[in-house]
Amino acid sequence: MKARDSLAWERIADVFSEALERSPEARASFLDDACVDANGHSNEVLRREVEALLAADAAAEAFGLLNDFSRFEEVLPDEERTLRTATVFVAEGRRIGPYRIIRELGRGGMGTVYLAERADGQFEQNVALKLIRPGAESDVLQERFLSERQLLARLQHPNIAHLLDGGVADDGQPYFALEFVEGEPITSFIASRQPSLEDRLELFLQVCDAVAYAHRNHVVHRDLKPSNILVAEGDQGEPQVKLLDFGIAKLLDPDDASALTQTVLNPLTPEHAAPEQIRREAITPATDVYALGLILYELLTGHRAYTFKRTSPGEIERVICEEEPARPSTVVAASEMVRTEDETPTVSGPREAPAAEAASGNARRKLKGDLDTICLKALEKDPARRYYSAG
């Protein structure tokens, strides 16, 4: 890691943490004073980075407390509700290349994904159509969007949602069409269906197989988490995993070491990030192995490996880089407050995953030993101590 990048992130983190302690009304004035250089001149780069983190934190808090769009609408002022509604639904019926947009499926920091149908009369087909999010058409995001499209073009695997088409709309906006997956996040699937431990591990092996395939094609996903891993119905009615969202994936170029290093403002999901992502160090397949360890931990126990009392950078870094997770077998029957995939707080009793096993005391015994060891080895803080690959 370059010392300059480390110092830049430390400064951003410090100002962001202090801004969180102030009311939203007082933050602008605080940033006027805090975002200056050594000569007392305004540091616009620092301010933009901190404001971006504040916006992301506010969005995460809103969606963590309010788990559906209708409830989110209720807390918005009228003019903001109108703007948001227009933003969400303005694309319905719009033609993008040979496709017509039906409705929004989801959105992230870079893009919005829509359910769309083939509209050129050639044949009937529903797709997941991805567009750059309105208002986010920077050169960096354009480049990342096109990079994701190119990465997907090289990945052909039954457990990865595959690229169907791509092009440029009449207004010059790039798009790509993916296989439309009708499924639910893997943790939601586990919670609702209560499969046996063996069946949960079968699903996890599908995830590992997809990630290992991506690694063999020199692609590191960097954002593996339950919401990016859907379980759908396979051709024979069996549960089939589909890996989504390579929006911040990285193509590993052995001739370009800089390609493995983070930028100053790093796109990641804190609860599913590896220590090296937080510390802005080199990204390798071991980064995805760590994320697989987090997913396995949750599939085995129904609990996340880490919890954060606050979402400040300092707290996130301390927990991820210093705290050791408990052995899965010791938490499988714990009763504590946990969060579902949509971040809605729920209370869990002695873990019902599956309920019969937990009630009989078999769950802890099944996890103790190999599964404890495998999970915690994947979650080693030092990438060199983890499994070398998803295989």
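Please read these numbers as outputs of a predicted model, since none were measured by experiment.
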Are side-chain heavy atoms of Phe180 and Leu105 found at a separation under 4.5 Å? yes
Tell me whether Arg118 contacts the main-chain N or O of Phe123 through its side chain, where contact means a donor paired with an acceptor under 3.5 Å. no
How long is the gap from CG on Asp223 to OG1 on Thr287, to the nearest 0.5 Å? 12.0 Å
Taking Asn43's backbone N and O only, do any of them form a donor-acceptor pair with Asp37's side chain (distance below 3.5 Å, no angle check)? no
To the nearest 0.5 angstrom, please state how far the CD atom of Glu184 sits from the CD1 atom of Ile186. 10.5 Å
Checking the side chain of Lys225 only, and the main-chain atoms of Ala273 only, is there a donor and an acceptor separated by less than 3.5 Å? no
Shortest non-hydrogen contact between Tyr297 and Pro325, atoms and distance: CE1-CB, 4.1 Å
Students often mix this up, so state it plainly: with edges at 30° and 60°, are the rings of Tyr213 and His157 parallel, tilted or perpendicular? tilted
For Arg149 and Tyr175, indicate whether the former's side chain and the latter's backbone hold a donor-acceptor pair under 3.5 Å. yes
Do other residues, nucleotides or ligands put more than 12 heavy atoms under 6.0 Å from the CD atom of Glu238? yes
Treating Ile, Leu, Val, Met, Phe, Trp and Tyr as nodes and any side-chain heavy-atom pair under 4.5 angstrom as an edge, say whether Leu244 and Leu178 lie in one connected cluster. no
A side-chain contact here means heavy atoms from C-beta on lying under 4.5 Å apart; do Ile190 and Val231 qualify? no
Apply the side chain to side chain contact (heavy atoms under 4.5 Å, CB included) test between Phe176 and each candidate in Leu129, Leu163, Asp165; give the one that qualifies. Leu163
Give a yes or no on whether the backbone of Ala378 and the side-chain of Arg385 come within a donor-acceptor separation of less than 3.5 Å. no
As a quick check of understanding, evaluate salt bridge (Lys or Arg N to Asp or Glu O under 4.0 Å) for Arg48 and Glu51, giving each step before the final call. CA-CA 5 Å; Arg48 283 197 302 271; Glu51 287 177 339; over 6 Å; no
Rounded distance [0.5 Å steps], CG in Leu224 versus NE2 in His272: 10.0 Å
Nearest 0.5 Å, please: how far is OG1 in Thr373 from CG in Leu367? 11.5 Å
Heavy atoms from other residues, nucleotides or ligands near CD of Gln150 exceed 12 (cutoff 6.0 Å): no
Tell me if a side-chain donor or acceptor on Asp288 pairs with a main-chain N or O of Arg222 at a distance below 3.5 Å. yes
CG-CZ distance between Leu299 and Phe189, expressed to the nearest 0.5 angstrom: 11.0 Å
Spell out, as yes or no, whether a donor-acceptor pair under 3.5 Å connects the side chain of Tyr306 to the backbone of Ile316. no
If I take atom CG from residue Leu379 and atom CD1 from residue Ile320, how far apart are they, to the nearest 0.5 angstrom? 11.0 Å
State whether the side chain of Arg327 and the backbone N or O of Asp372 hold a donor-acceptor pair below 3.5 Å, judged by distance alone. no
Given 3.5 Å as the limit, does a donor-acceptor pair link the side chain of Arg94 with the main chain of Ile101, or not? no
Check: Glu276 main-chain N/O paired with Lys381 side-chain donor or acceptor under 3.5 Å: no
Please tell me if the side chains of His162 and Leu164 come closer than 4.5 Å, counting only heavy atoms from C-beta onward. yes
